[in-house]
Amino acid sequence: MHQPIPYGRQHITDEDIAAVNDVLRSPYLTQGPKIGELEQAFATYIGSEYAVAVSNGTAALHLCCMALGVGPGTRVITTPITFSASANCVRYCGGDVYFADVNPDTVLLDPTAVRALLESHPAGYFSGIIPVDFAGYPVDMVAFRELADEFGLWIIEDACHAPGATFISETGPEHRCGDGSLADLAIFSFHPVKHIAAGEGGMITTNNESLYKHLLRLRTHGITNKPADFTTPYEGEPERGGWYMEMPELGYNYRLTDIQAALALSQLSRADAMLDRRRELAARYDFAFAEAAANGLPVQIIVPPTEVGHAYHLYVVQTPDRKGLYDFLRTKNILAQVHYVPVHLMPYYQKLGGKPGDFPNAENYYAHCLSLPLFPTLTNDEQDYVVENVMTFLKSVR
Ligand SMILES: *Cc1c(COP(=O)(O)O)cnc(C)c1O
């Protein structure tokens, strides 16, 4: 029997371990010098002006919603095909989540569906959009920016699947997802299954200086010790010494530790090489399954146009008997996975009004999708074993 092959797995090197060890011997365990280093390096990697490290991707989403003023009565649009956190962040702040369907060709939030939703409500009804670069395929940020400008919305790009992915704008395909040029804020996760592992960790990128400063404060309780940020007048106050700090608003403890930052930094130094390997593996899958489909086997894949720089967090095949394929692969120790149960069908969101049939493209995709193993250390032999077994199954159901 083959060793279990998961759908995703982190890769930890001796250099990663040494970097973490160095922090353990340093005076800083939680937020220290490694945080600033990681923020700087990540902003450079992505091409944004600012980056704010936080404790995980979900905390990043929560803080973004807070910084953008989401509260009771705020209405925000997102995709049903994402991890629940992309929607939950709005609920944390008391806002209302609206979903719009995905484009079946890309499985990304469809700007046309979002426009229809916007146009069927009065002006000012919605406040923001949270598009997701699902699987690593960059969303059409140019279209969303146009919608946002036309309807007065902000954008939080959930780029958890897409560090290093590139998108196209008038100036060409060189932009990296989350570079601050189109979305107001973008967020990333350093969960071990994502491109860069930190154990837990997250990052927010932006080109907006005031949002940046606000996020820094929100991640540590809403407290500031910078006199320039104090909101109470000095007059009449008792003497203020170096100890003085203020909490002008409620924040959280969403700090990343230096231990995690050191691991993320070390991983980031290999990010491009790991991304290249993901793309190489995806191309090998593409080759095998395009041929299978051409030979009449019941399998469908999504191949983006060449100018799209897909980051391949996931490699998804779609097939009519998805459960059959999932179960068959388990018997071969291939731990394929389904991404995602549509968020509007989660019992929590059904209680808020979501129901089967709301988003046919998303639901049809969910009925057929399976994410095959894809991670930088997957060997060609392991991948061949996966392909071979997928083919065996597809031939058996043809
Ligand atoms: C992983 C993920 C998150 C949440 O990140 P955590 O670091 O696990 O909190 C949010 N959105 C998407 C699309 C994700 O894949």
Side-chain angles (χ1 to χ4, degrees), residues 6-10 38 42 51-66 70 76-93 97 99-100 102 106-109 128-139 141 144 155-165 177-178 183 185-205 215 219 252-257 259-261 263-264 267-268 278 310-316 337-344 346 348-349 362 365-366 369 371 374-375:
Y7 83 89
R9 174 192 277 158
Q10 74 272 18
L38 175 64
F42 196 82
V52 179
V54 292
S55 48
N56 56 66
T58 305
L61 284 163
H62 185 188
L63 290 191
C64 287
C65 285
M66 287 180 75
V70 176
V76 180
I77 302 168
T78 191
T79 168
I81 299 295
T82 185
F83 184 56
S84 302
S86 316
N88 293 351
C89 55
V90 176
R91 301 294 301 150
Y92 296 157
C93 297
V97 180
F99 297 97
V102 298
T106 60
V107 199
L108 301 172
L109 182 63
I129 321 176
I130 306 180
V132 179
D133 302 308
F134 172 69
Y137 194 141
V139 286
M141 278 304 304
F144 284 116
I155 302 173
I156 302 171
E157 179 180 1
D158 183 338
C160 281
H161 296 185
C177 289
L185 297 164
I187 71 106
F188 298 86
S189 165
F190 302 143
H191 182 281
V193 89
K194 309 287 164 70
H195 287 56
I196 295 162
E200 297 279 357
M203 191 69 83
I204 304 164
T205 57
L215 289 164
R219 86 170 161 194
Y252 290 82
N253 176 358
Y254 280 165
R255 292 187 299 264
L256 190 70
T257 67
I259 305 168
Q260 294 163 312
L263 180 52
Q267 295 247 316
L268 181 60
R278 284 178 181 275
H310 199 304
Y312 289 105
H313 166 56
L314 302 174
Y315 189 90
V316 181
Q337 194 45 279
V338 171
H339 300 93
Y340 291 97
V341 176
V343 183
H344 70 287
M346 291 292 181
Y348 173 80
Y349 285 101
Y365 171 78
Y366 168 60
C369 67
S371 308
L374 181 66
F375 47 91

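Start at 1 and go down the list; that is how both ligands and their atoms are numbered. As the structure is a computational prediction, the values presented were derived from the model and not from experiment.
Using a 4.0 Å cut-off between heavy atoms, D158 contacts ligand 1 through its side chain alone, with no backbone atom that close. At a heavy-atom distance under 4.0 Å, only side-chain atoms of Y340, from C-beta outward, approach ligand 1. The residue H313 has no part lying near ligand 1, judged by heavy-atom distances below 4.0 Å.
Ranking the protein heavy atoms by distance from atom 14 (C) of ligand 1 puts K194 NZ, 3.1 Å first. Atom 4 (C) of ligand 1 has as its closest protein heavy atom T58 OG1, 3.5 Å.
For ligand 1, the atoms sitting less than 4.0 Å from at least one non-hydrogen atom of G201 are 7 (O), numbered in the order shown with element in parentheses. Shown in contact with N56 at under 4.0 Å from a heavy atom are these atoms of ligand 1, numbered in order with element: 7 (O), 9 (O). Heavy-atom proximity to G57, at under 4.0 Å, picks out these atoms of ligand 1: 5 (O), 6 (P), 7 (O), 9 (O). Using a 4.0 Å cut-off to heavy atoms of S86, the atoms of ligand 1 that qualify are 11 (N).
Side-chain atoms of T82 do not come within 3.5 Å of backbone N or O of V132 as any donor-acceptor pair.
Within the 4.5 Å cutoff, no side-chain heavy atoms of D158 are placed close to those of P131. Residues M66 and Y252 have side chains in contact (heavy-atom distance under 4.5 Å, counting atoms from C-beta outward). Contact of the F134 side chain with the V102 side chain is not registered, since no non-hydrogen atoms from C-beta on lie closer than 4.5 Å. Using a 4.5 Å heavy-atom cutoff, the side chains of F99 and T78 are in contact.
Ring geometry for F42 versus F190: interplanar angle over 60°, hence perpendicular rather than tilted (30 to 60°). Ring-plane geometry between H161 and H313 is classed as tilted, the angle between the planes lying from 30 to 60 degrees on a 0 to 90 degree scale. A tilted orientation is assigned to the rings of Y340 and F83, their planes being inclined by 30° to 60°.
Considering backbone and side-chain N/O of T82, none are found under 3.5 Å from N/O of ligand 1. Every N/O-N/O distance between H191 and ligand 1 stays at or above 3.5 Å. On a distance-only criterion, S189 and ligand 1 share at least one N/O pair closer than 3.5 Å.
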